[in-house]
Amino acid sequence: MVRYGIIQLSDLQFGEKHRFGFPSKIYESIARDVQYMSEKYSFSPIYLLLTGDITETAHANEFIDAGNAIEKLANQISIDKDSILSVPGNHDINWKLAEIACEVGDENLKYNNYNKFALKNCNKYSSVLLDQYNRFFDHRLGIEFLFLNSCEKEDHNNHFGYIDTDKLVNTILSNNQGTENYTKICICHH
């Protein structure tokens, strides 16, 4: 029997106050843990899920540190970029950019640093879209990943998680590509 592992990491909060230093070396201990568990329980890691609060304050340098550590971790546990799936958390919203976004009317601006990180380091569906939630289908294993962005209403004044139910229903009902029987995995923060 072939067994697969989906590795989930949340609240890493790369930044100056990061417990593992700046720049971070956390990937070394996580890689050792994953390799140990993989051998002990006989599974192959196939996905790495980053479920929010990747950074402390969403500054570009924090995302660079996170990207370097995630890339090294992925290499050590043999996971490619297309198998790194991510959603932002409230700490991945840059408050200064959120304030500017409100002033200029560009909702997506607050995700600027996160989206740069996601495009460089993760599966292409990890970038934030405003009109729907992203979906990624693994047709070989019969898995659908649904990327729920719970930071839609987050800005410099408002701090609460939120999932737009109409957007969620519309996303689920749109183009199932014959995947009705797939295992559904939602990726979310909060």
Side-chain angles (χ1 to χ4, degrees), residues 4-15 18 26 30 34 45-58 62-63 66-67 69-70 73-74 77 79 81-95 97-98 101 107-139 141-177 179-190:
Y4 298 107
I6 296 175
I7 312 305
Q8 180 206 2
L9 302 176
S10 187
D11 295 275
L12 293 168
Q13 297 192 2
F14 286 90
H18 194 261
I26 191 174
I30 294 174
V34 169
I46 56 167
Y47 285 103
L48 177 59
L49 308 183
L50 306 175
T51 54
D53 285 359
I54 297 161
T55 64
E56 192 177 309
T57 61
E62 294 172 349
F63 278 112
I70 295 302
L73 170 62
I77 62 174
I79 290 181
K81 176 183 170 179
D82 286 337
S83 296
I84 301 172
L85 311 177
S86 178
V87 292
N90 51 308
H91 282 265
D92 301 319
I93 302 297
N94 183 292
W95 302 129
L97 291 175
E107 225 180 301
N108 210 31
L109 190 58
K110 66 185 179 184
Y111 301 114
N112 192 48
N113 291 338
Y114 169 80
N115 277 339
K116 284 181 183 177
F117 162 82
L119 287 170
K120 182 177 184 208
N121 299 287
C122 306
N123 180 295
K124 67 182 179 182
Y125 296 104
S126 296
S127 296
V128 172
L129 295 178
L130 298 179
D131 58 335
Q132 67 180 23
Y133 296 118
N134 279 325
R135 298 163 84 184
F136 170 64
F137 299 94
D138 181 332
H139 296 295
L141 297 177
I143 300 173
E144 173 188 353
F145 292 94
L146 180 61
F147 298 71
L148 299 179
N149 174 17
S150 63
C151 299
E152 293 182 85
K153 301 296 181 188
E154 296 270 350
D155 63 29
H156 59 294
N157 292 320
N158 301 299
H159 306 289
F160 57 90
Y162 172 82
I163 300 294
D164 183 327
T165 54
D166 290 336
K167 187 166 142 178
L168 176 59
V169 168
N170 289 336
T171 300
I172 292 170
L173 294 177
S174 71
N175 194 7
N176 284 323
Q177 304 176 15
T179 60
E180 295 79 14
N181 294 322
Y182 279 29
T183 298
K184 316 281 192 247
I185 299 175
C186 294
I187 306 170
C188 187
H189 187 72
H190 283 91

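- A salt bridge is defined here as a Lys NZ or Arg NE, NH1 or NH2 lying under 4.0 Å from an Asp or Glu carboxylate O, and Arg135 with Glu144 meets this definition.
- Atom CG of residue Asn123 and atom CG of residue Leu49 lie 10.5 Å apart, to the nearest 0.5 angstrom.
- In this structure, the side chain of His156 does not engage the main chain of Trp95 through any donor-acceptor pair within 3.5 Å.
- Checking side-chain atoms of Ser127 against main-chain N and O of Ala118 turns up no donor-acceptor pair under 3.5 Å.
- Residues Glu62 and His91 have side chains that never bring a donor and an acceptor to within less than 3.5 angstrom of each other.
- Here the side chain of Asp92 pairs a donor or acceptor atom with the backbone of Gly89 at under 3.5 angstrom.
- The backbone N or O of Glu152 lies less than 3.5 Å from a partner atom in the side chain of Lys110, making a donor-acceptor pair.
- A distance-only check finds no donor-acceptor pair linking the side chain of Thr51 to the backbone of Ile187 [under 3.5 Å].
- Side-chain contact check for Ile26 versus Phe14: some heavy-atom pair is nearer than 4.5 Å.
- Two residues are said to be in side-chain contact when any heavy atoms from C-beta on lie closer than 4.5 Å; Thr183 and Leu141 fail this criterion.
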Taking it one step at a time, do Ile84 and Ile79 satisfy side-chain contact (heavy atoms from CB on, under 4.5 Å)? CA-CA 7 Å; Ile84 301 172; Ile79 290 181; 4.1 Å; yes

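- Using a 30° and 60° split on the angle between ring planes, Phe63 and Tyr114 fall in the perpendicular class, above 60°.
- Side-chain N/O atoms of His159 and Asn90 include no donor and acceptor closer than 3.5 Å.
- Side chain of Glu154 to backbone of Phe160: a donor-acceptor contact under 3.5 angstrom is found.
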Output, in order, the C-alpha distance, side-chain angles, deciding distance and verdict of side-chain contact (heavy atoms from CB on, under 4.5 Å) for Ser126 and Phe117. CA-CA 9 Å; Ser126 296; Phe117 162 82; over 6 Å; no

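- Checking each of Ile54, Val128, Asn113, Leu50 against Pro88 for a side-chain contact (heavy atoms from CB on, under 4.5 Å) leaves exactly one that passes, namely Val128.
- In this structure, Asn94 contributes its side chain and Ala58 its backbone to a donor-acceptor pair below 3.5 Å.
- With rounding to the nearest 0.5 Å, the separation of CZ in Phe147 from SG in Cys122 is 9.0 Å.
- A heavy-atom distance below 4.5 Å is found between the side chains of Ile70 and Leu12.
- Using the six-membered ring where Trp is involved, Tyr182 and Phe137 have ring planes that are perpendicular, over 60° apart on the 30 and 60° scheme.
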Go through the steps for Tyr47 and Phe145 under the test ring-ring contact (aromatic ring centres under 6.0 Å, His included), then give the verdict. CA-CA 11 Å; Tyr47 285 103; Phe145 292 94; 4.8 Å; yes

